[in-house]
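Whatever order the structure lists them in is the order used to number ligands and atoms, beginning at 1. When reading the values below, keep in mind they use all heavy atoms of this one structure, side chains included, and skip hydrogens, waters and symmetry mates.
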Amino acid sequence: MPETTPKGLTGLAFGGDYNPEQWPQSVWHEDVRLMREAGVTMLSVGVFSWALLEPEPGTYAFGWLDRVLDLLHENGVRVALGTPTVAPPAWFYRAHPDALPVAADGTRYEFGSRGAICHSNAEYRTAAADITTRLAMRYADHPALALWHVHNEYGVPVSACYCESCAVWFRRWLSRTYQTVDALNEAWGTAFWGQRYADFDQINPPRVTPTVGNPAQALDYRRFADATMRENFTAERDILHRLAPGIPVTTNFMTALSQCDSVDYWAWGREVDLVANDHYLITDGRRTHVNLAMAADLTRSVAGGAPWLLLEHATSGVSWQPRNPAKAPGQMARNSLAHVARGSDGAMFFQWRQSRRGAEKFHSAMLPHAGTDSRVWREVVELGASVDALAQVRGTRTVADVAMLWDWHSWWAQSLQWRPSEDHDPRERADAFYEALYDRHLTVDFAHPEADLSAYPLVVVPALYLTTSAAGDNLKEYVAGGGTLVVSYFSGIVDEHDALHEGPHPGPLRDVLGLTVEEFSPLLKDDRVRVLRTPGRSPAVAGEDRELIGDVWTEFVVPRGAETICTYGDGLTAGHPAITRHRLGQGSAWYVSTRLTSRGLDTLLGWAADDARIAPRAELPPEVEVVRRTGESGTFLFVINHAATDAKVPLDAPGAELLTGERAATCLALPPGAVRVVRLDG
Ligand code: GAL
């Protein structure tokens, strides 16, 4: 079994990307002095260094990297060593211009940035294997080596290449997947618009077409592109395992859907020794700490609940959004420790020292351009001490309350063209359901639709357009066995080939939900409908709302065993069911056929939580995040006050507060913006 924790790291990882090649050697000595001051324990090194390590084909210059690794080792810093295969040198592209990827419209990308890779290119594969082999042979036994950091963020900035080589590979992938071209014709529905193929050789990547292309072809191309990248990762991983046994191998994911949606991280999570993630706040006006929590929960879920590693985030502003605000005082620590609360065994950044040159010189760093007499530096030093104080948290697991179903293949299918309404954004629904659960202080695990769900009292399904029959059976078994399920509209629609399931919608969810959907009736922009409680049916809820509000989508729902909890008050669907509940076996399955506002979602989830016997956490103040990690070293309660007011959080046991060193008795008092971590007694 490969190792799963960075070798030689005894506490949590604290550090970032270190790019000493951008600086004269005199600066390196200042770097290590300041790293000691900040409590740095691990750095990612060499992620983009191929052109420096192999300045000419077959000529290697490892001397500088030897000195960097030695220096870091002498200063007690562990190293996550990059394989620099995301940035092949200029000479490589001169010799092999076909390794540059091609966009769907035929444009070939140029050298001069990073990540310009056609993953099916044979010369690239050979060269990547070669530099990986050289690095492994040279550094396998270096005492600083803790972890391999392969490549960088597979899937961005280029998620698929559409060149001729990829066309050949795609055909091969298709013939392996479908065996016969007739099976492909059937699965892709090529009878429509006369797209029938007589031979695999006639099939191309889904390049630009006059109007919408075959959806199943586009969906398969995403699967093919993802699998091809994964093959390149596993090729490097296998070299590293062979030549450097005992050193775990990772690559940095970007699980936040808005940052990378081209990779099926369920599949990738099975290939890495340790799941690692990069996360950057998207400042689009929404509550960034909720998006952060969601990405962290998803990363932990991809890791199967095991501890993972935050390999990159930012000390303050980034530089690639339209507007890049600085983080507020204390926000960095809240961000970093929220990741730790949700399962990361460390907090690492892009990057150690802010660059003076290049594309990312305006991006914040641990050591900012302003130097050490700066707020960011002081907060970095303080965070280093906090991370050090949390060493015993390492290896413990975050405790989740509920599950949300999540499937990249369904996202891919859902994002294909020509749908009933462009206003239905399934990702928005996932965010909204997550936020509603977050505000109820429930910690969320994400689960694949075919995974065992029996451990969760409540499972929510905000958007599962592509639902396999196996997933439908799984949900039925879950509910019959006593689970509570909440499904939102436009789920259970297509199979794995984007073909509508036989019979009425929602195909494999009909039985579990006890209903059929006769017709979709999306709303026009800005239209709203009232969702009225059925007298005597809707459970009593706190609050004044007699009616809920929906927009974007309505449906003609026909109950077939389900009871109607709310009906539509307006529009074409007036009088028809809007929210239903189906009691099945020991459990119940809720269905909502419109896009509820956040208040409406909260009401719905309140009803479902009652069914699931999840007690409301009324004692917890709003905007206070409370997450538990537990394991052999104890149970740790992370409490993060995102509010601008004092907060009081009752404790179910007294304990030791690890960041202040104080005792915590029955109640924890937090000033605005503060973080506390209590190791509960017992
Ligand atoms: C990451 C990337 C880093 C750096 C960072 C800036 O996606 O891995 O190399 O570019 O973004 O936010």
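Atoms of ligand 1 lying under 4.0 Å from any heavy atom of Glu360, numbered from 1 in the order shown and given with element: 4 (C), 5 (C), 6 (C), 10 (O). Per-residue contacts place Phe48 under 4.0 angstrom from the following atoms of ligand 1 (heavy atoms of the residue considered): 9 (O). When each atom of ligand 1 is checked for a heavy atom of Trp320 under 4.0 Å away, the hits are 6 (C), 12 (O).
At a heavy-atom distance under 4.0 Å, only side-chain atoms of Asn152, from C-beta outward, approach ligand 1. With a heavy-atom cut-off of 4.0 Å, Asp278 touches ligand 1 through its side chain alone. Contacts between Met254 and ligand 1, counted as non-hydrogen atom pairs separated by less than 4.0 Å, involve the side chain only. When heavy-atom distances to ligand 1 are checked against a 4.0 Å cut-off, Gln321 has no atom that comes that close, whether in backbone or side chain.
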Start with the C-alpha distance between Val263 and Met229, add both sets of side-chain angles, then the distance that settles side chain to side chain contact (heavy atoms under 4.5 Å, CB included), and finish with yes or no.
CA-CA 9 Å; Val263 166; Met229 282 189 287; 4.0 Å; yes
Glu231 vs Arg125, test: side chain to side chain contact (heavy atoms under 4.5 Å, CB included). Steps then yes/no.
CA-CA 10 Å; Glu231 257 176 55; Arg125 290 187 160 213; 3.2 Å; yes
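The shortest N or O to N or O distance between His363 and ligand 1 is below 3.5 Å.
The aromatic rings of Tyr434 and Phe446 sit parallel to each other, their planes meeting at less than 30°, with 60° as the upper class boundary.
Looking only at heavy atoms of the protein, atom 5 (C) of ligand 1 is closest to Tyr280 OH, 3.4 Å. Of all protein heavy atoms, the one closest to atom 2 (C) of ligand 1 is Glu312 OE1, 3.3 Å. The nearest protein atom to atom 9 (O) of ligand 1, hydrogens excluded, is given as Arg114 NH1, 2.8 Å; this is a heavy-atom distance.
When ring centroids are compared, Trp266 and Trp406 stay outside the 6.0 Å threshold. A distance below 6.0 Å separates the ring centres of Phe233 and Trp268. Centroid-to-centroid, the aromatic rings of His363 and Phe350 come within less than 6.0 Å.
Remark: of the listed residues Glu74, His73, Arg78, Lys7, His73 is the sole one forming a side-chain contact (heavy atoms from CB on, under 4.5 Å) with Pro143. Just one of Thr315, Asn19, Leu43 meets the side-chain contact (heavy atoms from CB on, under 4.5 Å) condition when paired with Gln351; it is Asn19.
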